[in-house]
Amino acid sequence: MAADKAGEQGAEKHEDSANCSGISDHEKELSRSALQAFTAGNYEACLQHLGELKEINKDDYKVILNSAVAEFYKSDQTTTDLLKQTLNQLRNEVHSAIDEIDSLDDVENSMLYYNQAVILYYLRQHMEAISIGEKLYQFIEPFSRRICLKTPRSSPQIPSGPFTPHRREEKFAHAVCFLLVDLYLLTFQTEKALHLLVVLEKMILQGHSNNKNGKNNETNSNANNREPFAQRGDGGVHVEAAKSKIHQYKVRAYIQMKSLKACKREIKSVMNTSGNSAPSLFLKSNFEYLRGNYRKAVKLLNSSNIAEYPGFMKTGECVRCMFWNNLGCIHFAMGKHNLGLFYFKKALQENDNTCAQLPSSNTDPGKKFSSRPMCTLLTNKRYELLYNCGIQLLHIGRPLAAFEYLIEAVQVYHSNPRLWLRLAECCIAANKGVSVSTSEQETKGLPSKKGIVQSIVGQGYHRKIVLASQSVQNLLYNDGESSAIPVASMEFAAICLRNALLLLPEDQFDAKQENGSKTSSQTGNTDSGGESSEVCSNKSHEGDKFIPAPPSSPLKRQEVENLRCSVLACSAYVGLALGDNLMALNHAEKLLQQPRLSGSLKFLGHLYAAEALISLDRISDAITHLNPENVTDVSLGVSSNEQEQGSDKGENEPMESVGKQMPQCYPSSVTSARTMMLFNLGSAYCLRSEYDKARKCLHQAASMIHPKEIPPEAILLAVYLELQNGNTQLALQIIKRNQLLPSIRMMSDLRKKPLFQTMHQPMQPIQMPAFTAVQRK
């Protein structure tokens, strides 16, 4: 897109300079011939004419720039490094820094910076390209206003033939605006993109209307202008193409803003102007995906004829890779994670096959971007696809495989705090505590006593039951190795969570929000026509954007707060697993101090804080956290209204169900959460030898839930209490029946049977069951 505009804008510069004073007729003819040869694609002839011009005037840097652009196109746009080097040298020769760009007095000088911005765009250096583009827009903004208010005379595309200075300035304004719109959308600055699109639409539509009014005047011109006029007759086609392009950009912007009503209107315009082309169908599929109509989104993708789309060597985009990736995203939203993973791997395979077809990169460090077309520098989407595959694998329950994908993606997206959290979750899921493996229990024939009986030793009179005294942590520690080595261990999880916390801003919400709102209000005050009110109505989105999180959209204020809560909860859990109780307590207390905390994380915060305090022998403080009244809500997050800020789904918009729901990682109700609190409270009372209070907690908890839902740690605690009271037979019955409290009939039978009295022997110390806490996946 931008490369073609850069070449044509650069190669035509000398045509206008021919009108300047002090230039001979021979130079005028050479510059005109060079431009015509360039627009016709005859770059060899263009270079010959430019070479003659260079011999006449060796100090004219514009001739050198045009020669570099012509050489670039002659090589099929493969000499990117050489063009970049030439532009840097020319910038140093004209002694014009980017900070001094406001002092430029004509379009020719700004062409140099526009070409540099195009190269930065393809090198993915978006912020540098935006800084240059915004300086250029400040220079052309008065001209764009003049175009909108007066009588422009050109179409948006560049026909071949001579051009007046006015028409060339108009085309340059179009090129800068389109480049900035692309950059704003890539960096999720949708408000600025929409403002520029409104300006562009006025420039193009009003210019085309004025061209129609001036048609009779051009008809009466002399015969020498017949060829340019015939080419200008195709202006209507170029205007329609530009209108379709503007509508597509608007759809992308509204999709980023989740503004469905505005997006629906623009989708109709795109389909009317572009028909059933692959870009329009992809955009409409994205729109249906955003609405929740996943089946319709899949149908639209399947109906797109991607075989007719130009190859990636011309466009720089692998459409088949995009097709499989979009299918993976849709099935991920439907809850079909295995099928989504299949499509993501297909996209990854297609991306690798496409990259293998590209010419090998030059080994020379100074020419690493050469030997292939400049547009193909944006073809490789490997790391975005690795990110998608890793997230999908994490949902499937394959944390080790997800870790391998995400650890490769974080090498590029190391500034994304959410990605560091996902890596930590992979480590936690791979090392979560287990009691006794299911296969071992089935082998021992004890499926009903999972987590209580660890093994059975001996037979008959010598038969012994070995209880699971504590949860067995299957931690993958790095023996003798640095914790910073990327291994799915809890130590590396602690490093990942520390990175995530460091990337999240601290105590800067108000200042950032005020700055963002001020910027949005300034943007909204600009005269942008009939759509200004709609753009301004969503200006809060620009202020909400907080920190970048590539390849995802930037994190808004509420998302940053939610992410910090999740990171603190995981940090507390990891601290407990590593035995760093002070750090775990610190993170748990910070978690409970967060202003907008979900009910589930508040529940975990109290549990983790209590467990850390018990390990620090601060039982009284732990009992305060274990008060069942602390649990009033166990929701997993903020309400749907808060999550969908900015989306304006209509009342009659169809919405399908999300499909399979995620497995519940927390208690499903307040009652079950309070039951868990009571079980842990009983363990805390046991540590203070308050066995009567502990038994009351067990009785109260058992009466609140179904017997089958009682955790094994609670049964072990009941066994411990009975052994402390000397009720060995009752403790054995609890183990055999796998019940927290035996039935009344069984207890009465035990009282009737005489117990065999043995010689008193000192009781062996009994290890208390490990303190129970809900583990977070």
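All figures in this text were calculated on a predicted structure; none of them were measured in a lab.
Taking Tyr343 as the reference, Trp324, His331 meet the ring pair (Phe, Tyr, Trp, His ring centres under 6.0 Å) condition, with sequence neighbours excluded. Residues forming a side-chain contact (heavy atoms from CB on, under 4.5 Å) with Leu123 (at least two apart in sequence, or on another chain): Lys84, Ile119, Gln125, Phe369, Leu377. For Tyr43, the ring pair (Phe, Tyr, Trp, His ring centres under 6.0 Å) partners two or more places apart in sequence, or in a different chain, are Phe38, Tyr73.
The shortest side-chain heavy-atom distance between Phe312 and Glu317 does not fall under the 4.5 Å cut-off. Side-chain contact between Tyr113 and Arg91 is present, with at least one heavy-atom pair separated by less than 4.5 Å. With a 4.5 Å cut-off on side-chain heavy atoms, Leu300 and Phe282 do not count as touching. For the pair Ser67 and Leu50, the minimum side-chain heavy-atom distance is below 4.5 Å. With contacts defined as side-chain heavy-atom distances shorter than 4.5 Å, the pair Ser304/Tyr309 does not qualify. Two residues are said to be in side-chain contact when any heavy atoms from C-beta on lie closer than 4.5 Å; Lys381 and Cys318 fail this criterion. A 4.5 Å side-chain heavy-atom check between Leu281 and Met271 finds at least one atom pair inside the cut-off. The shortest side-chain heavy-atom distance between Leu196 and Leu200 does not fall under the 4.5 Å cut-off.
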Checklist entry - Should Glu350 and Asn325 be marked as a side-chain contact (heavy atoms from CB on, under 4.5 Å) after you check the CA-CA gap, both sets of side-chain angles, and the distance that decides it? => result CA-CA 10 Å; Glu350 194 70 38; Asn325 175 78; over 6 Å; no
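With hydrogens and angles disregarded, a donor-acceptor distance shorter than 3.5 Å links the side chain of Ser280 to the backbone of Gly275. Judged purely by atom type and a 3.5 angstrom limit, Thr187 uses its side chain to pair as donor or acceptor with the backbone of Leu183.
The ring-ring contact (aromatic ring centres under 6.0 Å, His included) test with Phe172 is passed by exactly one of Phe178, Tyr137, Tyr114: Tyr114. With Leu87 as the fixed residue, the side-chain contact (heavy atoms from CB on, under 4.5 Å) test singles out one of Leu65, Val118, Leu82: Leu65. Checked options Thr86, Thr79, Leu47; the residue passing with Glu71 is Leu47 (criterion: side-chain contact (heavy atoms from CB on, under 4.5 Å)).
In this structure, OH on Tyr249 lies 15.0 Å from OG1 on Thr190, to the nearest 0.5 angstrom. Taking CD1 of Ile330 as the start and OH of Tyr289 as the end, the distance is 8.0 Å to the nearest 0.5 Å. Separation of atoms CG (Leu290) and CE (Met257) is listed at 12.0 Å; rounding is to 0.5 Å. The NE2 atom of His247 lies 13.5 Å from the NZ atom of Lys268; values are rounded to the nearest 0.5 Å. Separating the NZ atom in Lys245 from the CD1 atom in Ile204 is a distance of 9.0 Å, to the nearest 0.5 Å. Taken from NZ in Lys346 to SG in Cys321, the straight-line distance is 12.0 Å, to the nearest 0.5 Å.
We find that Glu201 and Lys243 are not joined by a salt bridge, their nearest charged nitrogen and carboxylate oxygen being 4.0 Å or further apart. In summary, Asp182 and Arg252 engage in a salt bridge, as defined by a charged side-chain N under 4.0 Å from a carboxylate O.
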